[in-house]
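In what follows, a single structure is set out as structure tokens and then discussed.
Nothing here was measured: the structure is a model prediction, and the numbers come from that model. Just so you know, residue 1 is the first one in the sequence shown, and it goes up from there.
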Amino acid sequence: EVQLVESGGGLVQAGGSLRLSCAASGFAFDDYAIGWFRQAPGKEREAVSCISRNEDSTYYADSVKGRFTISRDNARNTVYLQMMNLKPEDTATYSCAADLSPSAQAMGTMNPTFIPYWGQGTQVTVSS
């Protein structure tokens with residue numbers, strides 16, 4: 001059974017930091033690009049950051065560049081999203097996803113509807 005389990009969300013004040021984790025199982029993790037997506041109430045889901053299967057490329061949305069860092073540990077089947085200098089507009093449900101995209105850029109710009117594997121999400125709330 002394919003599983004992607006997010007953790008690390010919570011409530012933080014503006015300017016604070018959080019680190020999200022995505023633990024994967026049930027598929028060949030090393031073969032997949034992994035991405036973090038977020039959706040706020042009333043808004044469309046958007047790609048936040050993606051990382052290629054062998055870490056040779058990363059993608060960041062313009063809104064998070066310089067503040068968020070994605071990394072992966074293929075030995076632990078886990079992807080991390082370090083989020084710093086959080087802003088109230090970062091408030092959303094964050095989900096990780098896995099896809100056979102050839103690059104992080106490809107995953108970050110594709111229609112998320114076509115991504116096969118998703119986690120349940122973790123809530124991030126940033127207070128002003």
- Looking only at atom types and distance, does a side-chain atom of R76 sit under 3.5 Å from a main-chain N or O of A23, one as donor and one as acceptor? no

- Message: Ignoring hydrogens, what is the shortest heavy-atom contact between A98 and P116? Give both atom names and the distance.
- Response: O-CD, 3.4 Å

- Test: R19 cationic atom under 6.0 Å from Y80 six-membered ring centre, within 45° of axis: yes

- What about V5 and L18, same hydrophobic cluster or not, with Ile/Leu/Val/Met/Phe/Trp/Tyr joined at side-chain heavy-atom distances under 4.5 Å? no

- Item | Working for side chain to side chain contact (heavy atoms under 4.5 Å, CB included), residues T78 and R72 | CA-CA 6 Å; T78 302; R72 67 189 291 164; over 6 Å; no

- Item | Main-chain N/O of D99 paired with S101 side-chain donor or acceptor, under 3.5 Å | no

- Look at the side chain of Q3 and the backbone N and O of S25, then say whether any donor-acceptor pair between them is shorter than 3.5 Å. no

- Are M110 and F37 joined in one hydrophobic group, where the rule is that I, L, V, M, F, W and Y side chains link up if heavy atoms are under 4.5 Å apart? yes

- Interatomic distance, CD1@I70 vs CD@Q82, rounded to 0.5 Å, equals 12.0 Å

- Item | From S127 atom OG to Q13 atom CD, the distance as rounded to the nearest 0.5 Å | 5.0 Å

- Message: With a 4.5 Å cut-off on side-chain heavy-atom distances among I, L, V, M, F, W and Y, is there a chain of contacts connecting L81 to I115?
- Response: no

- Item | Side-chain donor-acceptor contact under 3.5 Å, Q123 with T93 | yes

- Message: I need the minimum non-hydrogen distance between A97 and L4, along with the two atoms involved.
- Response: CA-CD1, 3.9 Å

- Without swapping roles, check the side chain of T122 against the backbone of E6 for a donor-acceptor pair under 3.5 Å. no

- Ignoring hydrogens and geometry, is there a side-chain-to-backbone donor-acceptor pair from S49 to Y59 under 3.5 Å? yes

- Can V79 be reached from V48 by stepping across I, L, V, M, F, W or Y side chains whose heavy atoms are under 4.5 Å apart? yes

- Report yes or no: do Y32 and R53 form a side-chain donor-acceptor pair below 3.5 Å? no

- Under the ring pair (Phe, Tyr, Trp, His ring centres under 6.0 Å) criterion, do F68 and W36 qualify, and how do the steps go? CA-CA 11 Å; F68 291 11; W36 286 96; 10.0 Å; no

- Item | Sidechain-backbone polar pair: Q105 side chain, T109 backbone, donor-acceptor under 3.5 Å | no

- Item | Atom pair OG/CG of S95 and L20 - distance to nearest 0.5 Å | 10.0 Å

- Message: If we ignore hydrogens and angles and just use 3.5 Å, is the side chain of T91 paired with the main-chain N or O of V126 as donor and acceptor?
- Response: yes

- Note on the structure: Taken to the nearest 0.5 Å, the spacing of M107 CE from I51 CD1 works out to 11.5 Å

- Message: Please enumerate all residues that pass disulfide (SG to SG under 2.5 Å) together with C50, with sequence neighbours excluded.
- Response: none

- Message: Looking at T125 and L11, would you say the former's side chain and the latter's main chain have a donor-acceptor pair under 3.5 Å?
- Response: no

- Which pair of non-hydrogen atoms, one from L86 and one from R67, has the smallest distance, and what is that distance? CA-NH1, 3.8 Å

- Sub-4.5 Å side-chain heavy-atom contact between M83 and D90: no

- Query: Hey, is CD on E89 packed in by over 12 heavy atoms from elsewhere, all under 6.0 Å?
  - Reply: yes

- Message: Please check: side-chain N/O of E55 versus main-chain N/O of S71, any donor-acceptor pairing under 3.5 Å?
- Response: no

- So which heavy atom on A104 is nearest to which on S52, and how close? CB-N, 3.8 Å

- Query: Just by distance, do the side chain of N111 and the backbone of F114 share a donor-acceptor pair under 3.5 Å?
  - Reply: no

- Message: Salt bridge check, R38 against E46: does any charged N sit closer than 4.0 Å to a carboxylate O?
- Response: yes

- Same hydrophobic cluster for F29 and L100, using side-chain heavy-atom links shorter than 4.5 Å among ILVMFWY? yes

- Message: Show, in sequence, the C-alpha distance, side-chain angles and deciding distance for Y117 and F27, and conclude whether the ring pair (Phe, Tyr, Trp, His ring centres under 6.0 Å) test is met.
- Response: CA-CA 10 Å; Y117 302 142; F27 64 101; 5.3 Å; yes

